[in-house]
Amino acid sequence: MALFGSNRDIKTFKGISRELTKNIISQQCGYYKIVLGDTKKNIYGEALDKYYIGPVLLTCMIERGDFSFDQTEFGPDTKRPVTFRFLKDDMVEANVHPEPGDVIMYNEVYYQADNVNENQLIVGKDPDYSYSAGLENFGSSYSITINCHYASPDALGITQQRL
C-alpha cells in the first residue's frame with residue numbers, strides 16, 4: 001500500500017498549482033478546437049476551409065522560443081517554437097481534449113499544436129492505468145504539455161473580424 005499520493009495530497013498539490021497559475025502567473029490563451037466533421041477536405045486530404053470551436057479561455061504556463069527566419073523562394077518564412085503547459089483539471093472542466101492540429105492564440109499570434117504530452121504524474125502513479133491492487137486512490141495525471149509552432153492566420157483559415 002502506498003504511503004504518499006493519496007486523494008488528500010493530490011488536492012493539496014492541485015490547489016497550490018491552480019492558485020499559482022490563476023492568481024500569480026496569470027497567463028491566458030485562447031484554445032481553438034478543430035471540428036473534423038464540419039471541415040471538408042479535397043481529394044488530396046487538404047482542407048481549404050477549416051472550422052473551429054472556440055476560443056476557449058484557459059490559464060497556462062508558456063515557454064516561448066526565439067523567432068527564426070528562413071529565406072525561401074516566396075520570401076522569409078517565420079518560425080517560433082512555443083510550449084504551452086495546462087493543468088489537466090482545467091482542460092477537463094473546459095471540456096477540451098487536445099490533439100495535434102488544434103490552434104492556440106496567445107498575444108494575438110496563432111500557434112498550431114504539433115505534439116500533445118500527458119506524462120506528468122503525481123508521485124509517478126496514474127490510478128486509471130494501475131496494475132497494482134489497492135492503488136486506485138493514489139496518484140493522478142497532473143498536466144498536459146502541448147508543443148506548437150507559429151502559424152499564420154491565412155494558412156489556418158482564421159480571420160479576425162473588426163467590430
Side-chain angles (χ1 to χ4, degrees), residues 10-122 124 126 128 140-163:
I10 292 167
K11 286 181 184 178
T12 302
F13 293 145
K14 289 182 178 181
I16 291 170
S17 298
R18 185 168 276 166
E19 183 176 345
L20 179 69
T21 57
K22 289 186 185 286
N23 298 335
I24 297 172
I25 296 173
S26 300
Q27 291 179 328
Q28 295 181 328
C29 65
Y31 195 93
Y32 292 85
K33 181 74 177 156
I34 193 164
V35 182
L36 293 177
D38 294 340
T39 302
K40 294 182 180 33
K41 56 187 175 183
N42 59 18
I43 60 172
Y44 302 109
E46 300 167 339
L48 298 175
D49 297 320
K50 298 174 185 148
Y51 295 95
Y52 296 94
I53 296 173
V56 176
L57 189 63
L58 296 169
T59 57
C60 61
M61 295 177 62
I62 303 169
E63 181 182 339
R64 294 173 289 279
D66 294 331
F67 278 107
S68 64
F69 302 95
D70 290 339
Q71 191 64 29
T72 65
E73 60 189 47
F74 302 110
D77 186 22
T78 305
K79 294 183 178 181
R80 183 181 200 185
V82 177
T83 302
F84 293 91
R85 291 180 174 87
F86 301 93
L87 290 175
K88 183 178 178 185
D89 288 351
D90 290 347
M91 306 258 324
V92 169
E93 284 178 13
N95 198 20
V96 174
H97 178 72
E99 296 176 314
D102 292 346
V103 176
I104 299 174
M105 184 183 71
Y106 172 72
N107 204 17
E108 302 299 324
V109 178
Y110 294 96
Y111 300 95
Q112 191 167 20
D114 294 325
N115 193 2
V116 178
N117 291 314
E118 185 183 342
N119 57 5
Q120 188 176 17
L121 304 173
I122 295 177
D126 189 357
D128 295 335
S140 177
S141 179
Y142 188 63
S143 69
I144 296 175
T145 303
I146 303 175
N147 298 321
C148 301
H149 68 275
Y150 170 79
S152 69
D154 296 334
L156 296 173
I158 294 177
T159 57
Q160 290 185 342
Q161 301 293 328
R162 292 187 174 215
L163 297 177

Handout entry: Heavy-atom side-chain proximity of P100 to V116 below 4.5 angstrom
Key = yes
Problem - side-chain hydrogen bond (donor to acceptor under 3.5 Å, both in side chains) partner of D102, the single match among Q112, H97, K33 - result: K33
Exercise for the section: Answer whether the closest heavy-atom distance between the side chains of I62 and V82 falls below 4.5 Å. Expected result: yes
Handout entry: Euclidean distance, M105 CE relative to Q28 CD, rounded to 0.5 Å
Key = 11.0 Å
Exercise for the section: Return yes if some donor-acceptor pair links the side-chain N/O of R80 with the main-chain N/O of G65 below 3.5 Å, else return no. Expected result: yes
Exercise for the section: Enter the distance from D89:CG to K11:NZ here, rounded to the nearest 0.5 Å. Expected result: 11.0 Å
Fill in the blank from the handout: CD1 of I146 to CE of M91, rounded to nearest 0.5 Å, is 4.5 Å
Practice task
Would you check if Q120 and T145 make a side-chain contact, meaning some heavy-atom pair closer than 4.5 Å?
Solution key: no
Problem - I104 and F86: CA distance, side-chain angles, deciding distance, side chain to side chain contact (heavy atoms under 4.5 Å, CB included) verdict - result: CA-CA 12 Å; I104 299 174; F86 301 93; 4.2 Å; yes
Exercise for the section: Using a cut-off of 6.0 Å, state whether more than 12 heavy atoms not belonging to N95 lie near its atom CG. Expected result: no
Problem - Residues that R18 engages under salt bridge (Lys or Arg N to Asp or Glu O under 4.0 Å), provided they are two or more places apart - result: D90, E93
Exercise for the section: Indicate the atoms forming the closest heavy-atom contact of Y150 with T78, along with that distance. Expected result: CD2-O, 3.6 Å
Exercise for the section: Kindly compute the distance separating CG (L57) from OH (Y31), expressed to the nearest 0.5 Å. Expected result: 14.0 Å
Problem - Rounded distance [0.5 Å steps], CD1 in I25 versus OG1 in T59 - result: 9.5 Å
Handout entry: CD on E99 to CD1 on I34, rounded to 0.5 Å
Key = 9.5 Å
Handout entry: Residue pair S143 / K88, side-chain heavy-atom distance below 4.5 Å
Key = no
Exercise for the section: Hey, could you give me each pair passing ring pair (Phe, Tyr, Trp, His ring centres under 6.0 Å) that has a residue in residues 56-79? Not counting sequence neighbours. Expected result: none
Exercise for the section: Identify the two heavy atoms, one from C60 and one from C29, that lie closest to each other, and give their separation to 0.1 Å. Expected result: SG-SG, 3.7 Å
Practice task
For atom CG of D66, decide whether the heavy atoms of other residues, nucleotides or ligands shown that lie under 6.0 angstrom number more than 12.
Solution key: no
Handout entry: Heavy-atom closest contact (C148 atom, D114 atom, distance)
Key = C-OD2, 3.7 Å
Handout entry: side chain to side chain contact (heavy atoms under 4.5 Å, CB included) between Y106 and F84, worked out
Key = CA-CA 10 Å; Y106 172 72; F84 293 91; 4.0 Å; yes
